[in-house]
Amino acid sequence: MSDYVKRVIEETKAKNPNEPEFLQTVEEVLTSIEPVIEKHPEYEKAALLERIVEPERVIEFRVAWMDDEGKAHVNRGYRIQFNGAIGPYKGGLRFHPSVNLSILKFLGFEQIFKNSLTTLPIGGGKGGSDFDPHGKSDAEIMRFCQAFMTELQRHIGPDTDVPAGDIGVGGREIGYLFGQYRRIRDAYENGVLTGKGLTYGGSLIRPEATGFGVLYYAEQVLKHENDSIEGKTFVLSGYGNVAWGAATKIAQLGGKAVTISGHNGYVYDPDGIVGEEKLNYLLEMRASRHANIKMYAEKFGCEFHEGEKPWGVKADVYIPCATQNEVTLDEAKKIVANGAKYYFEGANMPATNEAVKYLQENGVIVGPAKAVNAGGVSVSALEMSQNSMRYGWSAEEVDAKLHDIMKSIHDNSAAAAAEYGLGYDLVKGANIAGFAKVAEAMMAQGLF
Ligand code: NDP
């Protein structure tokens, strides 16, 4: 390993001892971009890596809100403005009890390179709260979102920082957040948030974008391997926005998703999660106050495996779409033992670094999160463009642009890997392609 990369990884570990998820991503990205660092000795003198691992700004704040019984609660809110070299900070808001600084820093750091890969002018950011939306009423969600935005609004804006949804933040939450922003700022700046409803500036295809993008990327990889989606079986985890979009596109392309999962187990549906009734039921479940994956098994009469993950189920393609670190080395061994050839990351950092290494060493083609799931943020950036133009593209136009972007992400990653003699390593290729643009912009803008 290059001395410079090694030193920055060690220093980052020393400075952030309680942030394992962040350190995991830093190690993954920095070791991947080593060949670029070797080619650019000027980066060390400019302390480029030391700067890129340090967020430009971390905002932490109190969110006080009242439940339906009149009892007050306090949660912690965050926004991390990680890197604005190539555009306004852009990245989702996550509402989940597991949210902490380490998780948001890993997501924000990852977002820098993902956003760069999209070919669009957006910087990297992330935010959220340790608020748990499960079991809350609509009114409680609204009051929480209003309290959260009351503070967040002073840090964001259409040309400054543009948040979107993530786990626990969908169309309903974005609506409440935007309403509060508009009320306080007294201006119709709808480019300040993406993932909005269609009546107030949302983009067609945004809800589907991440899942559809996963499959558009997968299509490129399978084409590279002279293969196709048609007739393939897929194992998915999660049953939220990304899993729904992916299952929908898999069905459209003639494949079949046979599993979905939640925090308490997975469902095996050998007939496939295909057809309007099943796909719409995923949306219904996610919107329900007491959402639970078991509801699907009960409704459609299929197996529910309580407390288990789906990676032991045999399939051609594996796509985690839930949360971080759900594929460990042991789970990766199951995927390899099932004879899988493809693994695409719909969720962010769904696997440990050693699991990814094991999959690659055993002949599985890995599509990394920052490339595979970049369709969501890409259409968010297209939503920003439409908001500034005060004009909306048709669903076909947005879908065609999404398709082109996912193809560019794949092609640019493959080309970057080839340029540095790394074969068809899409993990290293994505890191290199994403990093190169941000590094050049940071160098051009002087010390900051
Ligand atoms: P949703 O909130 O719609 O769904 C989250 C899913 O993950 C649910 O099925 C949930 O199940 C499951 N889940 C959450 N936490 C855990 C946990 N600790 N253990 C097991 N399962 C869990 O989120 P999204 O679909 O939007 O996001 C899923 C992933 O995709 C995240 O990693 C997100 O960062 C990433 N992503 C999302 C994008 C988007 O556009 N939405 C864009 C790019 C990446 P349960 O309800 O049972 O907990």
Side-chain angles (χ1 to χ4, degrees), residues 21 25 90-99 103-104 106-108 110-111 114-115 117-118 124 126-128 130 132-135 163-174 194-195 203 205-214 217 236-248 259-267 282-297 304 306-311 319-328 331 344-351 368-381 383 402 406 409:
E21 291 86 0
T25 316
K90 179 98 199 79
L93 297 172
R94 178 176 289 193
F95 292 169
H96 193 273
S98 65
V99 162
I103 287 184
L104 294 181
F106 114 64
L107 289 164
E110 175 82 358
Q111 198 83 41
K114 178 187 308 192
N115 292 2
L117 270 176
T118 66
K126 200 80 192 186
D130 56 2
D132 185 0
H134 279 104
D166 189 75
I167 291 177
V169 179
R172 174 182 60 169
E173 291 74 18
I174 293 290
T194 59
S203 174
I205 305 292
R206 177 59 189 92
E208 295 87 346
T210 307
F212 279 22
V214 171
Y217 180 95
L236 307 186
S237 66
Y239 65 93
N241 176 260
V242 180
W244 162 75
T248 304
T259 66
I260 42 174
S261 73
H263 67 280
N264 55 334
Y266 78 89
V267 164
L282 297 190
L283 292 179
E284 216 180 289
M285 272 196 310
R286 181 170 177 266
S288 143
R289 187 173 170 180
H290 301 289
N292 184 335
I293 188 68
K294 212 172 164 180
M295 290 161 65
Y296 182 98
F304 173 62
E306 187 150 13
E308 286 180 46
K309 293 178 186 172
W311 314 118
I319 311 186
C321 300
T323 191
Q324 60 276 353
N325 289 332
E326 47 165 345
V327 180
T328 59
E331 314 285 357
F344 299 112
E345 300 189 327
N348 282 313
M349 201 171 76
K370 63 175 68 66
V372 174
N373 71 25
V377 74
S378 301
V379 174
S380 275
E383 184 173 330
L402 170 63
M406 296 313 297
I409 292 174

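A quick note: this is a predicted structure, and the numbers were derived from the prediction, not measured. Whatever order the structure lists ligands and atoms in, that order sets their numbers, starting from 1.
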- Message: If the condition is salt bridge (Lys or Arg N to Asp or Glu O under 4.0 Å), which residues does E110 pass it with, not counting sequence neighbours?
- Response: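 If we apply the salt bridge (Lys or Arg N to Asp or Glu O under 4.0 Å) test to E110, skipping adjacent residues, the hits are K370.
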
- Message: Among residues at least two apart in sequence or on other chains, which ones pass salt bridge (Lys or Arg N to Asp or Glu O under 4.0 Å) with R206?
- Response: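 By the salt bridge (Lys or Arg N to Asp or Glu O under 4.0 Å) rule, R206 matches no residue at all.
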
Expected output: side-chain [X] to main-chain [Y] donor-acceptor under 3.5 Å:
{"X": "E345", "Y": "N373", "answer": "no"}
{"X": "N241", "Y": "P207", "answer": "yes"}
{"X": "S288", "Y": "E284", "answer": "no"}

- Item | Under the side chain to side chain contact (heavy atoms under 4.5 Å, CB included) test, residues paired with V377 that sit two or more places apart |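 If we apply the side chain to side chain contact (heavy atoms under 4.5 Å, CB included) test to V377, skipping adjacent residues, the hits are K90, Q111, K114, N115, T118, I122.
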
- Item | Neighbouring protein residues of ligand 1 - any heavy atom closer than 4.0 Å |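 Residue list for ligand 1: R94, H96, H134, D166, I167, G168, R206, T210, G238, Y239, G240, N241, V242, S261, G262, H263, R286, C321, A322, T323, G346, A347, N348, N373.
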
